[in-house]
There are 2 protein chains.
Amino acid sequence: MSEHKIRNMEEFAALSGLSRPTVSKYFNDPSSVRPTTRQRIEEALERYDFRPNIFAINQNRSLTKNVGIVVPYLADPFFAEIARIIELRCIAAGFSPILYSSHGDRTLENEILEGLTALKPAGVFLAPLGRLSDRSAIERFCRDVPTVLFDSNIEGMGEAFVGSDNFSFVQQTVEYLCRTGSPPCFFEMRTPANPNANKRRNAYLRIMEEAGLEPHVIKVEGEGWGFEEIGRQGAHDVIASGGLKTETILCSNDRLAIGFLAACYERGLRVGRGEGCALRVASHDDHPFSRFTCPALTTAAHEYEAVADRCMETLFSLIESGGRFAQRDETLIPARLILRASA
Amino acid sequence: MSEHKIRNMEEFAALSGLSRPTVSKYFNDPSSVRPTTRQRIEEALERYDFRPNIFAINQNRSLTKNVGIVVPYLADPFFAEIARIIELRCIAAGFSPILYSSHGDRTLENEILEGLTALKPAGVFLAPLGRLSDRSAIERFCRDVPTVLFDSNIEGMGEAFVGSDNFSFVQQTVEYLCRTGSPPCFFEMRTPANPNANKRRNAYLRIMEEAGLEPHVIKVEGEGWGFEEIGRQGAHDVIASGGLKTETILCSNDRLAIGFLAACYERGLRVGRGEGCALRVASHDDHPFSRFTCPALTTAAHEYEAVADRCMETLFSLIESGGRFAQRDETLIPARLILRASA
DNA sequence: CAAAAATCTTTACGCGCGTTAAGGTCTTGC
DNA sequence: GCAAGACCTTAACGCGCGTAAAGATTTTTG
């Protein structure tokens with residue numbers, strides 16, 4: 001690297017002994033110039049450390065190499081983990097991922113989408129807030145930007161959806177629980193933020209019905225993203241009031257289960273499938289921490305990698321199709337049951 | 001909102017019945033135009049839904065309203081949480097935060113910094129990887145971009161550092177543990193990624209020495225960002241081999257402690273300060289999940305909000321000072337001891 | 001070795017907006 | 001009602017790069 005800073009491509013081209021259009025061509029596709037030319041540019045690049053001005057590059061372009069990733073709440077380790085994998089995949093594919101969290105806020109989600117539109121991204125992965133989302137705003141956004149929804153489906157929006165097969169999640173846990181002990185009740189929030197929760201409850205009801213078993217759904221109060229605390233408080237309430245009709249509890253998601261287990265511990269209730277255990281608790285998601293709860297949580301796992309890979313595949317073919325699919329593409333990825341000590 | 005899409009400010013200005021420079025003036029500072037003019041623009045804005053082209057805006061600017069936030073590993077809830085708060089503060093202050101995770105990778109951290117430089121941000125909050133960071137790359141970055149380091153200090157880099165007072169963290173936990181029972185040993189990773197870990201161990205050694213107590217440091221093996229598993233495995237090893245010389249364990253951070261507690265549970269060791277408890281475990285950070293461990297974790301909490309607020313204050317004054325401080329500014333925020341059931 | 005093909009250089013325009021300068025128009029205060 | 005000042009319009013340039021066209025140069029091909 002040498003002394004003074006290079007101001008623009010003109011200057012850099014001169015220093016490489018080439019013309020600006022050639023250098024410009026190189027930056028858009030290094031293989032589009034003669035190998036010797038390419039080498040000259042790359043040598044100069046070593047010496048002078050020049051990068052084309054991003055704003056100027058994109059100014060006159062209808063599409064960029066930007067890819068937006070929007071999740072509803074990044075401080076939820078589930079979303080952090082899935083976003084992490086998608087982000088790495090984007091980088092590997094030569095895109096510039098830009099990560100946003102709606103922080104559980106409808107207004108913020110709208111603002112993110114507006115700002116994202118302005119960035120002219122090649123595509124966007126959007127995990128919407130769900131119940132709180134402004135459907136018309138999302139619809140408008142999807143008209144302007146090639147969008148792949150993930151995690152949380154909103155019927156008809158975006159060109160594709162990649163998510164988990166909630167029925168498969170619940171089927172596996174319920175089947176396992178029934179096979180190894182008493183049938184479970186279903187523990188969830190009364191007003192879940194996310195359509196997955198509704199799908200899971202409905203799956204539970206249907207599976208129990210088909211098995212000729214009586215379903216029990218326990219709905220606990222609470223708003224916001226503090227699921228663990230909602231689960232903990234709800235567990236205390238339902239246990240104290242004798243509302244627990246079964247000794248097996250299937251939580252809608254791991255974060256609620258983490259709270260449930262905390263409450264059990266606080267009450268001295270032993271959870272697990274062994275001798276002397278009062279309750280069995282299972283759940284869904286394979287939250288990054290579910291391995292470390294006490295006891296470790298039996299759960300139906302998302303195939304994080306598979307979801308991320310499928311997201312990328314979908315976006316690639318979407319981009320190749322010019323940003324539109326003839327028909328909305330839906331992928332549901334089944335769960336993988338993970339047996340641990342809690343049930 | 002009306003029919004056809006507006007292409008540029010010229011067109012929008014015409015539709016508002018004003019000239020482009022006036023409209024441009026408005027977008028840079030709405031209060032810089034006459035109230036009646038402002039009203040006309042805002043009415044047109046309602047009707048036509050126009051946003052100036054971001055790339056064009058920034059193209060000819062040396063500074064933008066962008067603020068970078070870089071953390072070493074976003075899937076760590078601690079960083080997700082601090083990033084969340086800082087991001088919200090930035091938005092409230094009218095900036096456009098852009099969030100990056102280095103994903104624990106040195107190369108990626110470098111690339112993020114390079115890309116960030118190109119975005120000409122008004123400022124950057126950088127929590128570096130620590131031991132893995134490329135110091136020369138960070139140094140170069142800090143020369144180009146007004147940077148506030150946080151969480152993890154690297155001497156002399158950036159214009160300021162905002163972080164936690166590790167000595168205060170350890171002092172409070174050690175003091176509490178000694179006062180209420182036997183003195184703790186210190187449980188940590190052999191090769192911590194982060195300078196905070198070293199500061200905490202040194203604080204532990206010094207505090208024990210000053211109290212005339214014999215220190216015990218337990219170092220466990222393990223690489224990467226899976227701290228819980230490292231803590232769990234390390235706990236199993238040290239307990240099985242009889243390496244635990246004290247009944248009180250102070251973990252370097254909550255994630256290790258979460259693993260430690262999981263191991264204790266798996267071994268049937270009761271943790272807590274009551275009757276029949278074999279061990280006491282305390283830790284540092286007040287990780288978002290430490291409330292839900294079994295038992296709930298006694299820990300020294302970061303003042304998340306205070307750290308975020310101080311970060312913002314520092315960046316504001318840094319921007320006002322034209323991006324440079326006469327002297328590097330260091331803020332260390334003390335811990336808040338949180339007593340829960342584990343110790 | 002000459003012709004064809006590939007690649008480069010030169011020249012020039014456009015993108016959308018920031019910004020400046022000169023001059024016109026509207027407000028304000030007396 | 002009039003001057004001063006605030007605000008607006010018009011005109012024009014520049015930012016850094018994409019890109020197109022025409023001509024010059026190099027490389028490949030037969």
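Numbers restart at 1 for each chain; the letters A, B, ... are given by sequence-line order, proteins then strands.
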Rounded to whole angstroms, how far apart are CZ on B:R34 and P on D:dG5? 16 Å
Just by distance, do the side chain of B:T64 and the backbone of B:K120 share a donor-acceptor pair under 3.5 Å? yes
At under 4.0 Å, does any side-chain N or O of A:T22 touch on OP1 or OP2 of C:dT9? yes
Using atom names, set out every protein N or O paired with an N or O of nucleotides 15-17 of chain D below 3.5 Å, distance rounded to 0.1 Å.
residue	atom	partner	partner atom	Å
D:dC15	O4'	B:N60	OD1	3.1
D:dC15	O2	B:Q59	NE2	3.4
D:dG16	O4'	B:Q59	NE2	3.3
D:dG16	N3	B:Q59	NE2	3.2
D:dC17	OP1	A:N53	N	2.9
D:dC17	OP2	A:M9	N	2.3

Pair A:R84, A:E87 - check salt bridge (charged side-chain N to carboxylate O under 4.0 Å, His left out), show working. CA-CA 5 Å; A:R84 182 180 74 86; A:E87 199 178 341; over 6 Å; no
Atom pair distance, as rounded to whole Å: OH in A:Y26 and P in C:dT7: 16 Å
Please figure out whether A:T36 or B:T37 has its closest DNA chain D nucleotide nearer the 5' end. B:T37
Looking only at D:dC8, C:dC8, C:dT19, the nucleotide nearest the B:P21 side chain is C:dT19
Whole-Å distance, B:R38 CZ to D:dC8 C1', equals 17 Å
If you take all heavy atoms of B:F316 and B:F95, which pair is closest and at what distance? CE2-CE1, 3.4 Å
Of B:I112, B:L108, B:L74, B:V70, the one forming a side-chain contact (heavy atoms from CB on, under 4.5 Å) with B:S101 is B:L74
What's the CZ-C1' distance between A:R40 and C:dT9, to the nearest Å? 12 Å
Please test B:H302 against B:F78 for side chain to side chain contact (heavy atoms under 4.5 Å, CB included), starting from the C-alpha separation and ending with a verdict. CA-CA 10 Å; B:H302 291 277; B:F78 167 70; 3.3 Å; yes
Can you tell me the distance, in whole Å, between the NZ atom of B:K25 and the C1' atom of C:dT20? 13 Å
Side chains of A:P195 and A:N153 in contact at under 4.5 Å (non-hydrogen atoms): no
Between D:dG18 (P) and A:D29 (CG): distance, integer Å: 13 Å
